[in-house]
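Computed from a predicted model, the values in this text were never measured in an experiment.
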Amino acid sequence: MPDLSNSIATHYHQRTKYDPKTIASKNKGLDWSKQPIPFKAYKIGKSYDLTPYLSAKLPDVPHAIQWRRLSRLFGCSYGLTAKIPTMGSPVYLRAAPSAGGLYPAEVYLVSRGTPLLPAGLYNYQPQSHSLLHFWDSEVWENLQSACLWHQGLENSQLAIVTTAIFYRSSWRYEDRAYRRICLDTGHLLGNIELACAMTDYRPHLIGGFVDHLVNELFYFNPEEEGVITVIPLTDLLSENSETVKAFKPTALPSKIKTDYPDVSDGDLLHYFHQATEIQELEENKLKEIENQINNLEDKYNFPFCLKVSTATSTMDWGNNLDSLEKTILKRRSTRAYTGENLTLEELKALLHFTYQPQDYVTQGFDKSPDYFDLGLIETFVAVSGVDGLESGCYYYAPKAEELRQIRFKNFRRELHYLCLGQDLGRDAGAIIFHTADLQKAVEKYGDRVYRYLHLDAGHLGQRLNLAAIHLKLGVSGIGGFFDDQVNEVLGIPEDEAVIYITTLGRPKYQS
């Protein structure tokens, strides 16, 4: 077994930490003349306009219904939700949140060949809410081969592919941008999961594929853009659809790289992404992953600690999940909180919707949505102002549905500091932290696990986002923080890598 403490994933994580002593020297300022454009343009291709199908007043015929489903799916996943005028070009907001409004993710559709969409490759164009058919060819078998003949592709006719255009985020966040790219894509995965529930598709998440084969399928320059996930869609309204199940594994391992050169600042992101690619898969490692059962381990179960049940009733999302669509489209990241307390019932509702999807089946949600490996993600809640709950740090045990207090102090001042002085950290009623034992994760999936951890944390974060907006609360994710200080404040071991922070509070400005 190689030294996991020296793996490229561990090296990348340590090297991209924010530290109070060095953060000022790393802030080089932004070159606004090189600001990236958050939309992709094609000179050729056939456009399929989805905007006519946004209206619910459509003829009840199969052709229109199918287009309506696709229009709703893409609009609620990554569509434009607002246009903000500025001194220069307007700023467009989308259904999924993105750090700095940079939107590094691109969304593509691969068609096997359907009555609506000829076989080939399509790019989703948010500005015009359309699908651009830019490559007319039968590519499905090549996609299956690149995805190692994953079962989810066997009977599907359509697949969503998400990619990252690295410079869109690295322009601002430099090498640490890879964390934010994966978190942003995780937000997008959360939207895709829920939008599929609204449109009668079942998404099957694939994170394990031979990277260069999928990149070559799209003719990407791997220095500029790379595939992050492949998501086959089972059509639940198809006469040929069988009993839908979750196909495993969603995640496959890469090699553990401990022998790597001294990579310069500015080059680390690209080197790390390529170092986590799958070139080929060892058969025995695939069987090992397939045979593992991902139980959510409930830790910090001390007999003397305060334990608070989080069991509660389900949120009501309305007939046909109509309020879910409205929530997705009106979601905004909160800019300021009032500092007023949340209630314990509100906190319970947020955790319940995020971690107990099986309780929402009767409303039309997937009872077991795909993640890569939630068994590797731990959840902590720092409580500063929640009526009915003592201040302190709690471990959230999803299987037992309870909060377990592990520290007994109000940490408002410390939270303000470790969130880089952002008032959101000071004024939030509660802050949720997602962490992972990085060495344990690398041992299971190799260095590629760094993608999976951030994608899963972003996915959970998006469910928190939407639940908070549904409850008329404020919510904002934070990807920039003093890493080591989080461990100190929470009182958790150093080997727990902090992945993501979500702040929750009363919004100062109601939308």
For [Y], is there any backbone N or O sitting under 3.5 Å from a side-chain donor or acceptor partner on [X]?
| X | Y | value |
| --- | --- | --- |
| Gln356 | Pro398 | yes |
| Tyr452 | Leu252 | yes |
| Gln363 | Met315 | yes |
| Asp456 | Phe372 | yes |
| His204 | Ala159 | no |
| Arg506 | Asn341 | yes |
| Tyr260 | Tyr271 | no |
| Thr276 | Arg448 | no |
| Asn487 | Glu496 | yes |
| Arg94 | Gly101 | no |

Side chains of [X] and [Y] in contact at under 4.5 Å (non-hydrogen atoms):
| X | Y | value |
| --- | --- | --- |
| Asn191 | Cys76 | no |
| Tyr337 | Thr503 | yes |
| Leu194 | Arg463 | yes |
| Ile432 | Thr354 | no |
| Leu420 | Phe482 | yes |
| Leu466 | Gln462 | yes |
| Asp484 | Glu494 | no |
| Leu403 | Lys307 | no |

For the student: nearest non-hydrogen atoms of [X] and [Y], plus distance:
| X | Y | value |
| --- | --- | --- |
| Pro97 | Ser333 | CB-OG, 4.2 Å |
| Cys419 | Ile501 | SG-CD1, 4.5 Å |
| Leu490 | Ala382 | CD2-CB, 4.5 Å |
| Phe209 | Thr229 | CE2-CA, 4.1 Å |
| Arg412 | Gly339 | NH2-O, 3.7 Å |
| Ala336 | Leu424 | N-CD2, 4.0 Å |

Is [Y] paired with [X] through a side-chain N to carboxylate O contact shorter than 4.0 Å?
| X | Y | result |
| --- | --- | --- |
| Asp175 | Arg15 | no |
| Lys440 | Glu443 | no |
| Asp200 | Arg72 | no |
| Asp483 | Arg176 | yes |
| Arg168 | Asp184 | no |

- request: Go through the steps to decide whether Lys444 and Val449 satisfy the test side-chain contact (heavy atoms from CB on, under 4.5 Å), and finish with yes or no.
  value: CA-CA 8 Å; Lys444 185 171 183 180; Val449 78; over 6 Å; no
- prompt: Does the gap between the ring centers of Tyr355 and Tyr396 come in under 6.0 Å?
  reply: yes
query: Between Phe380 and Tyr300, is the gap from one ring center to the other below 6.0 Å?
result: yes
- request: Carefully, step by step, assess Asp265 and Glu174 under the rule side-chain contact (heavy atoms from CB on, under 4.5 Å).
  value: CA-CA 8 Å; Asp265 288 346; Glu174 301 178 323; over 6 Å; no
task: Apply the side-chain contact (heavy atoms from CB on, under 4.5 Å) test between Val230 and each candidate in Ile160, Thr162, Ile206, Leu205; give the one that qualifies.
output: Ile206
With rounding to the nearest 0.5 angstrom, report the [atom1] to [atom2] distance, [X] to [Y].
| X | Y | atom1 | atom2 | result |
| --- | --- | --- | --- | --- |
| Asn465 | Ser476 | CG | OG | 8.0 Å |
| Leu347 | Tyr394 | CG | OH | 9.5 Å |
| Leu306 | Ile406 | CG | CD1 | 12.0 Å |
| Ile181 | Ser170 | CD1 | OG | 6.5 Å |
| Tyr450 | Thr10 | OH | OG1 | 9.5 Å |
| Glu225 | Ile165 | CD | CD1 | 4.0 Å |

statement: Which of His459, His454, His187 passes ring-ring contact (aromatic ring centres under 6.0 Å, His included) with Tyr500? Answer is His187
field: Parallel, tilted or perpendicular: ring planes of His150 versus Phe247, cut at 30 and 60 degrees
entry: perpendicular
- prompt: According to the interplanar angle, ranging from 0 to 90°, do the rings of Phe272 and Tyr12 count as parallel (below 30°), tilted (30 to 60°) or perpendicular (above 60°)?
  reply: parallel
query: Are His352 and Tyr360 close enough, and set up right, to give a ring-ring contact (aromatic ring centres under 6.0 Å, His included), and what steps lead you there?
result: CA-CA 10 Å; His352 189 261; Tyr360 291 82; 5.4 Å; yes
message: Checking Asp447 against Ser7: is there a side-chain donor and acceptor pair closer than 3.5 Å?
response: yes
message: Under a plain distance cut-off of 3.5 Å, with no hydrogens placed, do Asp495 and Gln439 share a side-chain donor-acceptor pair?
response: no
query: Could you walk me through whether Leu460 and Leu374 pass the side-chain contact (heavy atoms from CB on, under 4.5 Å) check?
result: CA-CA 9 Å; Leu460 291 170; Leu374 284 186; 3.8 Å; yes
- prompt: Only one of Gln405, Glu378, Arg404, Arg407 clears side chain to side chain donor-acceptor pair (under 3.5 Å) with Tyr395; which?
  reply: Glu378
message: Let's go through Leu30 and Trp171 carefully: what are the C-alpha distance in whole Å and the side-chain angles of both, what is the deciding distance for side-chain contact (heavy atoms from CB on, under 4.5 Å) to 0.1 Å, and is it a yes or a no?
response: CA-CA 8 Å; Leu30 297 177; Trp171 167 74; 3.8 Å; yes
